[in-house]
Every structure is written in structure tokens, then in C-alpha cells.
Protein chains: 2
Amino acid sequence: MAKSVLGRGTARARVLEAALTLFGEHGVSGTTLQMIADSIGVGKASVYYQFHSKDEIVAAAAQPMFDDMARVVTIAEAVPDPHTRQEICISGFIEFSVRNRRLAAVLAGDPVLESMVESREDLTDIVERFKNLLLGGGHGPAGRVIISMITNGVYSAVTDKELEDVSDEQLHTTLLEAAQQLLRTPSYFE
Amino acid sequence: MAKSVLGRGTARARVLEAALTLFGEHGVSGTTLQMIADSIGVGKASVYYQFHSKDEIVAAAAQPMFDDMARVVTIAEAVPDPHTRQEICISGFIEFSVRNRRLAAVLAGDPVLESMVESREDLTDIVERFKNLLLGGGHGPAGRVIISMITNGVYSAVTDKELEDVSDEQLHTTLLEAAQQLLRTPSYFE
DNA sequence: GTCTATAAATTGATAGAC
DNA sequence: GTCTATCAATTTATAGAC
């Protein structure tokens with residue numbers, strides 16, 4: 001009765017845990033409530049006892065990543081220099097992507113997640129501010145391509161199944177180094 | 001009667017055209033036969049007259065990209081030096097990704113496409129050979145991370161909606177330059 | 001918190017007329 | 001090549017018992 005709503009082992013947490021894994025394997029649209037229920041060994045109705053709809057599960061599963069993103073945005077926006085802001089964003093982005101590799105797999109490009117962001121003001125706001133910070137200042141086409149390559153490259157690398165054996169530390173180090181190397185090349189941003 | 005089966009404007013081509021757009025917007029699982037039929041203004045049965053199943057549409061829509069990949073693999077495997085092979089692969093990959101930006105959006109990480117590759121020997125074969133060529137020789141963790149970042153970064157950049165206004169030429173140039181810059185850094189591959 | 005049963009809508013797919 | 005009609009299966013979601 002006094003159990004934490006978010007604590008590990010609660011029915012709610014088990015649903016989110018299972019959903020996250022299945023979303024990563026089959027995408028959100030390709031995952032049914034039945035699959036989630038089956039994977040934790042309960043009936044569909046039990047899943048609906050915890051969440052009133054599939055969308056609610058998606059939202060709850062993705063929330064931690066948006067929280068991380070909001071934290072980074074808050075920190076970065078407190079800094080005046082655009083270039084420093086950009087650096088904070090990139091390194092923060094790599095950090096929370098690596099910290100939550102499985103969740104990143106879902107967020108990285110699932111159309112359902114994109115729709116969710118579009119339909120919710122708070123998420124659109126945070127994502128927009130994050131993107132603006134990433135761009136640093138007004139860059140030309142080359143700079144925008146590089147930023148896209150870095151962010152999407154990071155997103156995809158942390159979720160790459162063939163890199164599951166690579167440690168979080170190794171991933172973090174290599175990705176940050178590569179990102180900084182690209183950002184340090186002035187020809188992209190002149 | 002003598003019309004080309006693959007020519008532009010045939011019913012078959014219109015289905016593939018519509019499917020590709022919808023797959024890009026909603027993912028494969030998120031796209032229904034009804035949506036495809038509606039978007040070209042016909043009934044579902046008419047779509048089924050051209051393709052016997054949804055999987056067949058997916059396969060036909062994705063085929064051109066695998067053909068391109070097979071071409072690059074054939075060319076690269078004819079070269080003895082692993083590093084040259086790698087260069088050919090990267091530049092070939094960037095070229096056909098840019099050439100078919102909309103299709104790349106579908107192939108880039110849709111779980112249905114991944115399942116299709118796994119279930120078809122010919123596709124698994126070509127993708128495996130491509131990946132091996134990309135790796136060049138046996139690289140360590142850092143090198144594998146960089147390769148993943150490049151390939152996924154390219155894939156995602158060509159499909160980035162915010163880069164739709166960037167020309168194919170600009171995209172190609174910038175992506176190739178960035179990829180080569182990362183590949184030329186020995187510390188990743190020692 | 002979980003179950004069985006079921007509703008209501010949608011999905012992939014087929015039959016047969018035009 | 002396209003249509004209407006229809007099917008069986010599945011999907012999201014709810015009601016009510018334990």
C-alpha cells in the first residue's frame with residue numbers, strides 16, 4: 001500500500017520495462033498490448049489497469065529521456081556564449097543517450113514518437129529549444145548537415161545492436177571525441 | 001497492353017510511390033493498406049490486384065536500395081586493399097543514399113525492414129558483405145563505433161526533414177567530407 | 001491487481017461483378 | 001483495373017467477477 005508508484009518491481013514498472021524492450025524490437029506501431037501483456041505474463045486487462053491507453057504507455061516510457069533533455073536545455077540556456085551552449089548540448093546529449101541506450105532506440109526516429117512530440121506543446125517546446133541550442137548560432141547548410149549527422153549518428157550508434165558489447169564508457173568517449181572533431185572543423189561553419 | 005510493368009504512371013508504380021511516402025511518414029507498421037488505397041484514390045482491392053500482400057509492397061518498395069547496395073558491394077569486393085574497399089563503400093553508400101533520400105528514410109531503422117532482411121537470404125547476404133567491407137579490416141571498439149556513427153549519421157541526415165531544403169550536391173559533399181575526416185583519424189583505428 | 005468475457009473498430013486479404 | 005461486399009483475425013478498450 002505504501003509502495004512507491006515508480007519503484008522497481010511494481011506492476012506499472014514491469015509494463016514500462018516490457019514495453020520499452022518490445023518498442024525497441026518492433027517499433028511502437030508494431031507492438032500490441034497483447035505482446036506487452038504476454039511478455040510479463042498477465043492479461044491485457046491488467047495492462048489497462050495501469051495505463052488507460054497505449055499512447056499513455058508510450059508517453060510514460062519516453063518521459064525520462066525528455067526529462068534529461070529538459071535538464072540539459074536549462075543548463076545550456078543559462079550560458080551566454082552560443083558556442084559553449086552548443087558544446088554543453090552535444091556532450092549532454094551524448095551522456096543521456098548513452099545512459100539510456102534502450103530508450104534511445106525507441107526515440108530515435110519512431111514515427112509515433114515524432115507524432116507525440118508534435119501533439120504535445122511541452123515536448124515540442126523542449127525539443128525546439130534543444131535543436132536551437134545545438135545549432136549554436138545561425139549556420140549554413142554544411143553546418144546543419146554536420147549537426148544532423150552528429151546527433152543522428154549518436155542516437156543510432158548507442159542503439160546499434162552490433163555495438164551492444166561496447167561499454168558505455170567506450171561509447172561515450174569515442175562519440176564525444178568524434179563529435180568535437182567535426183564541430184572543430186571551421187570549414188563546415190564559415 | 002504493351003505498357004512497361006515498371007514504367008511511371010502504371011497502377012503498380014502509383015502504389016509504390018504512395019507507399020514509400022506513407023512508410024516514411026508513419027513507418028511500415030503504421031501504414032495500412034487502406035491508407036495507401038485512399039492516398040491514390042482507389043479501393044483496397046485494387047491495391048491487392050497489384051500486390052498479393054503488404055509484405056510484397058514493402059519488398060518491392062525497398063528493392064532499388066538493395067540493388068544499389070549490391071552494385072557497390074560487387075565493385076568494392078573486386079579491389080584487394082581493405083582500406084580502398086572501405087573508401088569505395090562509404091562513398092558509394094553516401095551516393096545512393098543521397099540519390100534516394102525518401103527511400104532511405106524507410107530503410108533507416110524500420111523494424112519491419114530489418115525483419116525482412118533477416119528472413120531473406122539474398123538480402124542478409126548482401127547486407128553482411130556490405131558491413132564487412134565497411135569495417136575495412138578487423139577494427140577495435142572505437143573504429144566500430146565510428147563506422148556506425150558514419151553510416152547511421154548519413155542515413156539519418158539524408159532523411160532529416162529539416163534538411164529537405166539542402167541540395168543533393170551539398171549533402172553529398174558535406175557528408176563525404178565528414179566521413180573521410182573521421183576515417184582518416186588513426187586513433188580510432190589503432 | 002489480475003482474470004474472463006466481450007464490445008467495437010480496424011486490419012490484411014479474398015470473391016465476384018463490371 | 002477497379003469496384004462493392006464480405007471474412008476471419010486482430011486490435012484497442014471496457015465491464016464486472018475474484
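Each chain gets a letter, A, B and so on, in the order its sequence line appears, and its residues count up from 1. These values consider heavy atoms only, across backbone and side chains, with no hydrogens, waters or symmetry-generated copies.
Taking B/His83 as the reference, nothing meets the ring-ring contact (aromatic ring centres under 6.0 Å, His included) condition, with sequence neighbours excluded. B/Arg14 meets the side chain to side chain donor-acceptor pair (under 3.5 Å) test with no other residue; sequence neighbours excluded. Applying the ring-ring contact (aromatic ring centres under 6.0 Å, His included) rule to B/Phe189 yields the partners B/His139; only residues at least two apart in sequence or on another chain are considered.
Residues A/Arg144 and B/Asp165 meet the side-chain proximity criterion, which asks for heavy atoms closer than 4.5 Å.
When only modelled atom types and interatomic distance are considered, A/Glu87 and A/Ser91 share no side-chain donor-acceptor pair under 3.5 Å. With no hydrogens or angles considered, a side-chain donor-acceptor pair links B/Asn152 and B/Ser148 at under 3.5 Å.
Note: CG (B/Asp38) to C1' (C/dT11) measures 13 Å, nearest angstrom. For the pair B/Ile40 CD1 and D/dG1 C1', the interatomic distance rounds to 11 Å; values are reported in whole Å. Taking atom CD of B/Gln50 as the reference point, atom P of C/dA13 lies 15 Å away to the nearest angstrom.
Legend: ring-ring contact (aromatic ring centres under 6.0 Å, His included) pairs involving residues 24-47 of chain A, not counting sequence neighbours: none detected. Residue pairs satisfying the ring-ring contact (aromatic ring centres under 6.0 Å, His included) criterion with at least one member in residues 44-78 of chain A, sequence neighbours excluded, are absent. Counting only residues at least two apart or in different chains, ring-ring contact (aromatic ring centres under 6.0 Å, His included) contacts with residues 99-133 of chain A comprise A/Phe93-A/Phe130. Residue pairs meeting the salt bridge (Lys or Arg N to Asp or Glu O under 4.0 Å) criterion with at least one partner in residues 19-46 of chain B, sequence neighbours excluded, are absent. The salt bridge (Lys or Arg N to Asp or Glu O under 4.0 Å) contacts involving residues 27-37 of chain A comprise nothing, where partners must be two or more places apart or lie in separate chains.
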Q.
Please evaluate residues B/Glu95 and B/Val72 with respect to the criterion side chain to side chain contact (heavy atoms under 4.5 Å, CB included), reporting the C-alpha separation (whole Å), side-chain torsions for both, the decisive distance (0.1 Å), and the verdict.
A. CA-CA 10 Å; B/Glu95 203 191 300; B/Val72 172; over 6 Å; no
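Under 4.0 angstrom from either OP1 or OP2 of D/dT2 there lies no side-chain N or O belonging to B/Arg12. At D/dG1, none of the side-chain N or O atoms of B/Ser46 fall inside 4.0 Å of OP1 or OP2 (strictly under the cut-off).
Proximity of residues 56-64 of chain B to DNA chain D (heavy atom under 4.0 angstrom from any strand atom) is not detected for any residue. Residues from residues 24-32 of chain B placing a heavy atom under 4.0 Å of any atom in DNA chain C, listed by number, are B/Thr31, B/Thr32.
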Where do N or O atoms of nucleotides 13-18 of chain D meet protein N or O atoms at under 3.5 Å, pair by pair?
from, atom 1, to, atom 2, distance (Å)
D/dA13, OP2, A/Tyr48, OH, 3.2
D/dA13, OP2, A/Lys54, N, 3.0
D/dA13, N6, A/Lys44, NZ, 3.3

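Under the 4.5 Å side-chain heavy-atom criterion for ILVMFWY residues, a single connected hydrophobic cluster contains both B/Phe96 and B/Phe23.
With the end axes of the helix from C/dG1-D/dC18 to C/dC18-D/dG1 each set by five pairs, the angle from one to the other reads 10° at 10° resolution.
In the set D/dT2, C/dT2, C/dT11, C/dT11 carries the atom at the smallest distance from any side-chain atom of B/Gln34.
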